[in-house]
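Presented below is the structure to which this report refers.
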Amino acid sequence: SGVSIYLTGLVVSAGSTGGSIALIQPGTSTNELDPITVAANGNLALDFSHAPLKITTGSSLGITTSGFTATHSVILNGFIK
């Protein structure tokens, strides 16, 4: 408790089908980052390095995806403080 996750970057790559990704607090209905759609064969790169996205203090971070039926990847960058 008392520590937070800070995100400094998010990269998503989609295969032959697109979909959406959201960052959530596991076990709750709280979105830390609302769903973002990524097109088929598309990429998404978000840079929060100048203003890191702070996840609720004491919470864990989960990723949920929907719509992707082919290979996709997710990379999160950040730190714990």
Side-chain angles (χ1 to χ4, degrees):
S1 73
V3 297
S4 294
I5 299 169
Y6 291 82
L7 295 181
T8 57
L10 168 68
V11 177
V12 181
S13 294
S16 60
T17 59
S20 66
I21 179 172
L23 303 180
I24 62 166
Q25 286 182 23
T28 74
S29 59
T30 302
N31 282 347
E32 293 288 354
L33 184 66
D34 288 333
I36 299 172
T37 301
V38 181
N41 300 310
N43 298 299
L44 167 73
L46 299 176
D47 179 10
F48 307 117
S49 60
H50 295 292
L53 178 63
K54 181 182 177 185
I55 305 305
T56 304
T57 301
S59 295
S60 58
L61 177 64
I63 300 171
T64 183
T65 61
S66 64
F68 296 107
T69 59
T71 303
H72 62 284
S73 62
V74 178
I75 300 169
L76 293 171
N77 294 316
F79 58 93
I80 298 172
K81 181 177 172 184

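- In terms of heavy atoms, A14 sits closest to F68 at CB-CE2, 3.6 Å.
- Scored by the side-chain hydrogen bond (donor to acceptor under 3.5 Å, both in side chains) test, S13 finds N43 as partners (sequence neighbours excluded).
- Cluster membership check: V3 shares its hydrophobic cluster with L23, using side-chain heavy-atom separations under 4.5 Å among Ile, Leu, Val, Met, Phe, Trp and Tyr.
- Side chains of L76 and I63 form a contact here, defined as non-hydrogen atoms less than 4.5 Å apart.
- At a threshold of 4.5 Å between non-hydrogen side-chain atoms, the residues T8 and P52 count as touching.
- Judged as a side-chain contact (heavy atoms from CB on, under 4.5 Å), and not counting sequence neighbours, the contacts of T56 are Q25, E32, S59.
- Applying the side-chain hydrogen bond (donor to acceptor under 3.5 Å, both in side chains) rule to pairs touching residues 61-73 yields T17-T69, S20-S66, sequence neighbours excluded.
- Between V74 and L10, some side-chain heavy-atom pair lies under the 4.5 Å cut-off.
- Taking hydrophobic clusters as Ile, Leu, Val, Met, Phe, Trp and Tyr residues chained together by side-chain heavy-atom distances below 4.5 Å, V12 shares a cluster with F48.
- Taking a 4.5 Å side-chain heavy-atom cut-off between Ile, Leu, Val, Met, Phe, Trp and Tyr, the cluster of F79 extends to Y6.
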Give the intermediate values and the outcome of side-chain contact (heavy atoms from CB on, under 4.5 Å) for residues L7 and L46.
-> CA-CA 10 Å; L7 295 181; L46 299 176; over 6 Å; no
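- Two different hydrophobic clusters hold I75 and L33 under the rule that ILVMFWY side chains link at heavy-atom gaps under 4.5 Å.
- For N31, the side-chain hydrogen bond (donor to acceptor under 3.5 Å, both in side chains) partners at least two apart in sequence or on another chain are D34.
- For S49, the side-chain hydrogen bond (donor to acceptor under 3.5 Å, both in side chains) test picks out D47, with sequence neighbours left out.
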Under the side-chain contact (heavy atoms from CB on, under 4.5 Å) criterion, do S4 and I55 qualify, and how do the steps go?
-> CA-CA 6 Å; S4 294; I55 305 305; 5.8 Å; no
